[in-house]
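Right, one structure below, let's go through it.
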There are 2 protein chains.
Amino acid sequence: MTTDPVRKPHASLETLERGRLRRIQIVEAATELFAHAGYRGTGLAGIAAQVGVTQAGLLHHFGSKEALLEAVVRHRSEQDAPLIEEIMGDGGLGMLDRLHLLAEHNVERAGLSLLFTVLVAENLLPSHPANDFFVERYRSLRRAIVAGLKAGQKRGEIRKGVDLEAVSTRIVAALDGLQTQWLLDPDEVDLVRSYRELGASLRRELAA
Amino acid sequence: MTTDPVRKPHASLETLERGRLRRIQIVEAATELFAHAGYRGTGLAGIAAQVGVTQAGLLHHFGSKEALLEAVVRHRSEQDAPLIEEIMGDGGLGMLDRLHLLAEHNVERAGLSLLFTVLVAENLLPSHPANDFFVERYRSLRRAIVAGLKAGQKRGEIRKGVDLEAVSTRIVAALDGLQTQWLLDPDEVDLVRSYRELGASLRRELAA
DNA sequence: GTCTATATAGGGATAGAC
DNA sequence: GTCTATCCCTATATAGAC
């Protein structure tokens with residue numbers, strides 16, 4: 001989803017910028033509505049209304065509802081990438097101490113946590129429209145954590161002899177599951193506190 | 001959702017049993033379709049067709065789609081209760097060693113794991129139809145685990161000085177999150193193995 | 001208890017004017 | 001780039017016959 005302005009050299013600059021703006025507005029409106037009612041539960045008309053266009057006008061920018069979904073998940077991934085890189089850092093135990101950054105980010109923008117939790121569940125099966133995206137996302141997340149843990153082993157911060165693949169799967173699972181419980185019941189589950197405790201527990205388990 | 005046959009004493013036994021059978025057939029068909037396409041993505045007509053009745057015929061048994069949803073989640077909860085009790089046992093570290101029973105159960109009947117993962121995500125917000133059910137379900141699950149851990153402390157199996165509420169939230173989170181990753185990517189994530197490793201890791205963390 | 005028929009609403013996508 | 005109009009399909013729920 002590269003939105004390079006040079007790709008349509010024949011169009012005027014004003015048109016391009018108005019067009020790009022509309023696309024962004026639509027993606028942001030769709031993000032919010034998909035989060036609250038899911039992909040299946042959201043109509044294009046509702047998204048269009050929030051932006052101030054008609055449903056047909058929306059489909060001028062995104063040929064289909066599925067294309068819009070793809071734009072939404074790609075946009076979110078791109079926005080989250082810097083934070084994830086910051087948390088990863090150079091791997092090792094430091095990663096575990098920075099999990100609270102992720103929690104604070106998620107609490108600040110609860111709608112976005114909601115979006116991913118909802119969309120993952122709507123795309124668990126291969127027949128679902130964004131299944132490939134989420135399968136790949138989780139795989140690369142697990143791989144990145146394994147790499148970070150390996151780096152920590154090389155520096156002697158992390159014990160050897162632990163199954164890093166299994167640990168990384170368990171870390172992702174805990175992050176996901178805590179987020180779900182927090183979304184469902186924010187009065188009983190404190191996300192920031194839970195992530196801090198998770199990090200501390202992992203530190204005790206993995207420190208050399 | 002008590003389906004006590006004595007409640008309609010004026011109807012013939014045959015009618016009653018046919019009626020109860022239909023209800024069960026409908027609930028089971030709905031379970032499967034809700035799991036695959038979610039509550040919002042499933043039409044009553046599809047469920048009805050699978051049972052061999054019309055959509056209007058289905059609504060004779062359940063006044064509304066939402067009532068059917070409630071019947072589905074209650075039915076599933078009732079069916080799962082014995083296994084959960086078996087795993088809990090008398091609490092303590094034994095609970096952690098029996099997590100693989102849950103994994104085996106979930107793998108055997110993958111459709112049911114799918115159902116709950118999908119429905120939880122569709123009911124994260126208070127405005128969603130089964131939100132109360134899932135909020136309460138998670139609360140009681142966490143409470144049951146806390147009770148089990150406390151029992152283990154009293155017997156001296158489990159260390160004192162750990163935050164049992166936090167641990168129980170983390171256990172539920174890991175179980176949930178591992179299931180999600182397994183559903184999404186069964187080739188890369190082995191649920192039974194993951195649950196065993198989770199249990200072993202928790203044992204190391206909690207054993208006195 | 002199950003059906004047909006219908007009310008009423010909403011969905012996504014396309015054609016064509018401006 | 002945006003609109004109106006429309007197509008066609010699907011949805012839940014109800015009314016009333018059998």
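Shown are B:N123, B:L33, B:V72, B:L69; of these, the side chain to side chain contact (heavy atoms under 4.5 Å, CB included) with B:Y39 is made only by B:L69. When B:E197, B:R193, B:Q181 are each tested for a side chain to side chain contact (heavy atoms under 4.5 Å, CB included) with A:T169, only one passes: B:Q181.
C:dG10 atom P lies 16 Å from atom CD1 of A:I47, rounded to whole Å. With rounding to whole Å, A:I26 atom CD1 is found 15 Å from C:dG12 atom C1'. The separation between B:L44 atom CG and D:dA11 atom C1' is 8 Å, rounded to whole Å. Rounded to whole angstrom, the span from the NE2 atom of A:H61 across to the P atom of C:dA13 amounts to 15 Å. We find that CZ of A:R23 is positioned 12 Å from P of D:dT2, with the value rounded to whole Å. Atom-to-atom, CG of B:L68 to P of D:dA13 comes out at 10 Å; the value is rounded to the nearest Å. Atom CZ of B:F62 is separated from atom P of C:dT2 by 12 Å (rounded to the nearest Å).
Nearest nucleotide to the side chain of A:K65, out of C:dG1, D:dT12, C:dA13: C:dA13.
Using a 4.0 Å heavy-atom distance criterion, A:L59 is classed as a base contact.
Taking 4.0 angstrom as the limit, A:R40 places none of its side-chain polar atoms (N or O) nearer than this to OP1 or OP2 of C:dG11. Taking only side-chain nitrogens and oxygens, B:H60 never comes nearer than 4.0 Å to OP1 or OP2 of C:dT2. At least one side-chain nitrogen or oxygen of B:T54 sits closer than 4.0 Å to the OP1 or OP2 atom of C:dC3.
The residue among A:G46 and A:A56 whose nearest nucleotide of DNA chain C lies closer to the 5′ end is A:G46. Nearer to the 5' terminus of DNA chain C, by closest-nucleotide assignment, is the contact made by B:V53 (compared with the other of B:V53 and A:A45).
Considering only heavy atoms from C-beta on, B:D176 comes within 4.5 Å of B:Y138 through its side chain.
A:F116 and A:F134 have perpendicular rings, their planes meeting at more than 60° on a 0 to 90° scale where under 30° would count as parallel.
The base of C:dG12 sits with one of its N or O atoms less than 3.5 Å from a complementary donor or acceptor on the side chain of A:Q55.
A salt bridge links A:E205 and B:R204; the closest N-O separation between the charged side-chain nitrogens and carboxylate oxygens is under 4.0 Å.
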